[in-house]
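Notes to accompany the following structure.
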Amino acid sequence: LGGLDFGPIRYNLGAEGSLRTIVSNVQYNSRLFGQGWLNAAGTYTSLSDEKVRINFETFWWDRDASAPSPPPPAPPQTLVQVLGKAGF
């Protein structure tokens, strides 16, 4: 896509008590933006044996980073957060 590559994509599933958590990280490499990671975190629930509902709540950008950072303790008040919430 015009000099923009994505990958790898990672999904880390976990649990905090009865709360099921998910963190998604995708690495990008772009002529315009350089390299880094786009990240999302939230929760998921089972709808059936074959379906889950994912609710991404937090979005952040690790610009010029070789590895993704852990989720922030609270959703950041950034343009990335606004765009992520609009997209998901």
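For L13, the side chain to side chain contact (heavy atoms under 4.5 Å, CB included) partners two or more places apart in sequence, or in a different chain, are I22, Y44. For Q35, the side chain to side chain donor-acceptor pair (under 3.5 Å) criterion is met by no residue, not counting sequence neighbours. Taking the side chain to side chain contact (heavy atoms under 4.5 Å, CB included) definition, one finds that P73 meets it with nothing, sequence neighbours left out. For V26, the side chain to side chain contact (heavy atoms under 4.5 Å, CB included) partners at least two apart in sequence or on another chain are F6, I9, L38. With sequence neighbours left out, the side chain to side chain donor-acceptor pair (under 3.5 Å) criterion links S46 to R20. In terms of the side chain to side chain contact (heavy atoms under 4.5 Å, CB included) criterion, D49 has no residue partners (sequence neighbours excluded).
Contact annotation: the side chain of T43 never approaches that of T45 to less than 4.5 Å [non-hydrogen atoms, C-beta and beyond].
Here V82 sits alone; no ILVMFWY side chain lies under 4.5 Å from its own, so it joins no hydrophobic cluster. Cluster partners of L19, using a side-chain heavy-atom cutoff of under 4.5 Å among ILVMFWY residues and allowing indirect links: none.
Pairs passing the ring-ring contact (aromatic ring centres under 6.0 Å, His included) check and including a residue from residues 69-88, sequence neighbours excluded, read F56-F88, F59-F88. Listed by first then second residue, pairs satisfying side chain to side chain donor-acceptor pair (under 3.5 Å) with a partner in residues 58-84 read Y28-W61, N39-D62, W60-S69, D62-S69, not counting sequence neighbours.
At a threshold of 4.5 Å between side-chain heavy atoms, the hydrophobic network of Ile, Leu, Val, Met, Phe, Trp and Tyr places V80 and L32 in one connected group. Transitive grouping of hydrophobic side chains (ILVMFWY, heavy atoms separated by less than 4.5 Å) brings F33 and L4 into a common cluster.
Counted by atom type alone, Q27 and N29 present zero donor-acceptor pairs between their side chains at under 3.5 Å.
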